[in-house]
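Values below: all heavy atoms of this structure, side chains included; hydrogens, waters and symmetry mates excluded.
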Amino acid sequence: MTYIFVTDRWVFKCREEFGDLSCLKFSVSGEFFRAIRISRIGEKYYVIDDNKKEIRSNDDILSVTKKYISETYGKIKNSFECG
């Protein structure tokens, strides 16, 4: 499954890979910036971005990803789910 999240400045194209989410981050003008990965290990989620971040949550990985993007890069204005 592929998910696309859009904020005011960024577009994230995320894909499920073996229980993790791998995201490519683009500016709204289409310039590629970096890859981001969200993984669950035990009871914790780990975000590999500029800084490694640990998140404790009982939510699913998609909810954690949305929360991380909103808190770090701004409110998600639009999202799409592609089969």
Hydrophobic cluster identity match, I69 and L62, side-chain contacts under 4.5 Å
yes
Report yes if some heavy atom in the side chain of E54 is under 4.5 Å from a heavy atom in the side chain of Y45; otherwise report no.
no
Would you give the length of the straight line joining atom CG of D20 to atom CZ of R15, rounded to the nearest 0.5 angstrom?
12.0 Å
Measuring from atom CD1 of I61 to atom CD1 of I38, what distance do you get when rounded to the nearest 0.5 angstrom?
6.5 Å
Would you list the atom pairs, donor with acceptor, under 3.5 Å between side chains in residues 73-83 and any protein atom, with sequence neighbours excluded?
unit_1: Y73; atom_1: OH; unit_2: D49; atom_2: OD1; d: 3.3
unit_1: Y73; atom_1: OH; unit_2: D49; atom_2: OD2; d: 2.5

E17, CD: over 12 other non-hydrogen atoms inside 6.0 angstrom
yes
Looking at NZ of K13 and OH of Y3, how far apart are the two atoms once the value is rounded to the nearest 0.5 Å?
14.0 Å
Has N58 got more than 12 heavy atoms of other residues, nucleotides or ligands less than 6.0 Å from its CG?
no
F12 vs I36 side-chain heavy atoms within contact, under 4.5 Å:
yes
Can you give each donor-acceptor pair under 3.5 Å made by side-chain atoms of residues 21-33, sequence neighbours left out, with the distance rounded to 0.1 Å?
unit_1: S27; atom_1: OG; unit_2: S29; atom_2: N; d: 3.4
unit_1: S27; atom_1: OG; unit_2: S29; atom_2: OG; d: 2.8
unit_1: S27; atom_1: OG; unit_2: E31; atom_2: N; d: 3.2

Does the pair Y46 and K53 meet the rule for a side-chain contact (heavy atoms from CB on, under 4.5 Å), with working shown?
CA-CA 6 Å; Y46 292 91; K53 183 172 183 172; over 6 Å; no
In the single-linkage hydrophobic clustering (I, L, V, M, F, W, Y; side-chain heavy atoms under 4.5 Å), do M1 and F5 co-cluster?
yes
How many angstroms lie between CZ in R37 and SG in C14, if you round to the nearest 0.5 Å?
11.0 Å
Look only at the side chain of S63 and the backbone of D59, and say whether a donor-acceptor pair between them is shorter than 3.5 Å.
no
